[in-house]
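For reference, the structure discussed in these notes is given below.
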Amino acid sequence: MEFKDRDAAHHFFSFYGFLAGFEVVVAHVARTSAKKKNNEIYKQEMKCHRYGKQSKKEEQIELADETLLREASNDDKAKRKTNVQVRTDCKCVMVVKVIAGIWKVIRLDLEHNHELSPKDRNQLFSGRKYMTNMEKGIIRTLNDNNIPTRKMIAILSYLRGGLTALPYKTKNVQNMRTKINREVTGNDMTQAMEYFRKRKMQDSTFYFRFQVDNDMKVKNIFWREGISLKWYAEYGDCISFDTTYMTNRYNLPFAPFVGITGHAHTSLLASKIDQDKAMRSAIEKVFPNSKHRNCFFHIKSKCYNKNLRCFAVNKGLPEKFEDIVYFSVTEDEFEMLWQGMIAEYKLEKNKYFNKMWETRKRIIPVYFKNDFFPFIQSTGRSEGTNARTKKIVDTIKNKEEIEDNFNKQKMPKEIQYGYTIEQQAVELYNRNIYIKFSNQLRQTKMYKYKETEKGRCFERIRKYIVLTDLTEGCEEFSCICGKFNKDGILCAHILKVIVEEEINKISEKYFIDRWRKKEKKFHIPKDIDGNATHELLRFNMLSRKAALLTSKGAKTKEGMQYLDEEFERLNKHLDFLLEEKERQTTLVITEQSEIHHDDGGSISNNVGEIVILQDPKRIQQKGRPKNPTRLKPLVEQERAKMAKAAAKKNKKQQQTSSKPHV
């Protein structure tokens, strides 16, 4: 037989070994000594995996294993500690040599001196050299999503057209996963630059920027996906970002800029890694007309952690604290109740409570009840993106498309409460927003109200006041809770008035544009078609088509020969197309890419120019950060700990008092 190259010869012999029942190994290669041929391999010897004789050391190990196996029949706890290849000096061999540019079989012996295992999956091929770059990319993607190796094998073999068409085995995929998990090539910033360049090739609207010092050490990085530009135009009225997530090696805060889509999903607008923590001054400069609100959850968590014993000792304090900070409906109510709590529990000298009081207008929810912060109380949406930034853009886009299609094709089978305003909400709102509206409507059953001024003022007993103007055609509603201003949907208190007053239709101004179905918006946004399909998805589609073709072609010798020639022609034509595309894309990327210096200057990244970026200074690690803990259980744990300590102390005192006096 003749082969195009030695890999083709190895592939053929390995598949024969799979069918016959043995594993093929490359036992020896011969290299040319001619200087012009650069030490190239000209002969390859492939043998059965049981070739050669057993060494004395291997014989001793095998004997010890046999002893352990005998013991295992009497003792279930006995285990094999080692594994060695059992050699039988098998003479099966195939030798190929390059002659006039063609690899030919020059020696062949197919006789074995041991039992064979036909079609044993573990006998099929060895090494990663038969993996395509796309298959390696799939393994990388599946590995990032913690897919088990056995499922990877199932997916890869499906794409190849069947298990027997997969030219590598489970161990090779496991080795590839190990390599991916360990790989570190070049420094981190160079890798980041390379990743951004690839993204730019895939999406011309992708944007990134590096800031470096005079030693070319990276200080800041900013990047933004192309579709994020569209999301910002639609949903940039409320932005959440969190700088408490520190990268492990450089202590650089990672700050994802996050918005909320019309389906109440999280959307990633941009990301930054930054050494400068002066976020407040930057926000005031870039967003001069914005309302800046700090994350109350982080500040409250610190208050709990620093005052854990205080919360545990003072019964009722955690409940009163939570009620005051979350459910006060006016600033006056909050300030009165807070000062009363401080006096009741004698917390006047507690610096953490004092700090919260001083910064109350930047953190306490009641001070922001008339500002648009839809369905958020903390930077939790930003934090949720930290661990999955690489995949989140594609995930969000997919979720948005699924919800848009759902809204077009489906509606609730029946409305829950039978109100005409509920039907109006079903028709106008996106599904997730309708669910939130429905929850408010459900809560109206919990409330009672009384009219304090005819057609003008209603109040829920104890707390909530709703101001109205029920003039036909210009209904106006305003509630003291401020939910419509904050979340963009009507609160249960206003809905209670609408239901009791038998108002059949809500003014459309209370169905704000950002929560409406796509086709029901006042201003329908244009779709921006970025990178329409992902490279791996295209590979998936083409793989199945190729598998069907090869399955047909393999049925006859003529079909195989025809496909083989067509594949060669297509391969050459594709190489030409891809080289031209890469050349054009490289020109665009290098024209747009800049690295900025501290002094305001910049370095243009020209074609062929290699820019070496230096990593920021590393910090000494202090170990893995603790997992977040719910706050109320912390107080309960502290109380249990204190009770246990008190019981132990009492027991000790009782033992001491019970001893006889001398």
Side-chain angles (χ1 to χ4, degrees), residues 184 186-201 203-229 231-232 236 239-259 267-288 290 292 294-295 298 379 381-390 392-393 589-606 609-621 625:
V184 178
N187 63 35
D188 291 339
M189 296 303 110
T190 302
Q191 287 187 75
M193 172 67 86
E194 198 57 37
Y195 170 75
F196 291 154
R197 282 175 175 168
K198 287 180 181 177
R199 288 294 299 116
K200 189 74 173 177
M201 290 177 69
D203 179 4
S204 60
T205 60
F206 180 86
Y207 175 83
F208 67 94
R209 179 171 172 174
F210 285 78
Q211 185 180 14
V212 298
D213 61 18
N214 293 328
D215 296 325
M216 291 299 288
K217 286 186 177 180
V218 173
K219 293 186 67 178
N220 307 313
I221 310 173
F222 178 88
W223 69 97
R224 188 259 302 143
E225 297 284 343
I227 195 171
S228 297
L229 204 59
W231 287 337
Y232 181 70
I239 301 174
S240 170
F241 53 90
D242 170 43
T243 57
T244 61
Y245 183 88
M246 311 298 284
T247 57
N248 288 334
R249 293 175 178 168
Y250 310 116
N251 205 35
L252 294 176
F254 172 67
F257 289 74
V258 168
S267 63
L268 185 63
L269 304 177
S271 301
K272 190 177 185 230
I273 293 177
D274 195 349
Q275 284 185 341
D276 182 8
K277 297 181 182 178
M279 297 296 287
R280 176 167 291 279
S281 59
I283 289 166
E284 290 172 355
K285 182 178 179 181
V286 179
F287 303 111
S290 69
H292 185 190
N294 290 118
C295 177
H298 285 98
T379 57
R381 288 179 180 266
S382 302
E383 293 167 1
T385 66
N386 290 332
R388 53 197 178 104
T389 304
K390 292 181 181 178
I392 195 170
V393 172
I589 292 172
T590 51
E591 286 171 3
Q592 296 179 353
S593 175
E594 284 190 342
I595 301 168
H596 295 258
H597 270 298
D598 275 348
D599 57 11
S602 64
I603 302 172
S604 295
N605 191 12
N606 298 319
E609 181 182 352
I610 299 175
V611 177
I612 305 299
L613 297 176
Q614 301 298 323
D615 290 341
K617 185 178 179 181
R618 295 194 179 196
I619 59 167
Q620 189 69 30
Q621 297 298 302

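Keep in mind the model is a prediction, meaning the values are calculated, not measured. This chain uses plain numbering: 1 for the first residue, then up along the sequence.
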Between Arg199 (side chain) and Tyr207 (backbone), is there a donor-acceptor pair under 3.5 Å? no
Would a distance-only check, ignoring hydrogens and angles, find a side-chain to backbone donor-acceptor pair under 3.5 Å from Asp213 to Asp215? yes
When rounded to the nearest 0.5 angstrom, what distance separates CD in Glu225 from CG in Leu269?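 Atom-to-atom, Glu225:CD and Leu269:CG are 11.5 Å apart.
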Output the distance between atom CZ (Arg224) and atom CZ (Phe257), rounded to the nearest 0.5 Å. 13.0 Å
Is the shortest heavy-atom distance from the side chain of Val258 to the side chain of Leu268 under 4.5 Å?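 Yes - at least one pair of side-chain heavy atoms lies under 4.5 Å apart.
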Least distance between heavy atoms, Thr205 atom then Gly226 atom: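 Scanning both residues completely, I find the closest heavy atoms to be OG1-CA, 3.0 Å.
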Does the pair Arg197 and Met201 meet the rule for a side-chain contact (heavy atoms from CB on, under 4.5 Å), with working shown? CA-CA 6 Å; Arg197 282 175 175 168; Met201 290 177 69; 5.7 Å; no
List for me each residue that meets ring pair (Phe, Tyr, Trp, His ring centres under 6.0 Å) alongside Phe196, sequence neighbours excluded, and say none if there are none.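 Once residues adjacent in sequence are excluded, the partners of Phe196 under the ring pair (Phe, Tyr, Trp, His ring centres under 6.0 Å) criterion are Phe206, Phe208, Phe210, Trp223.
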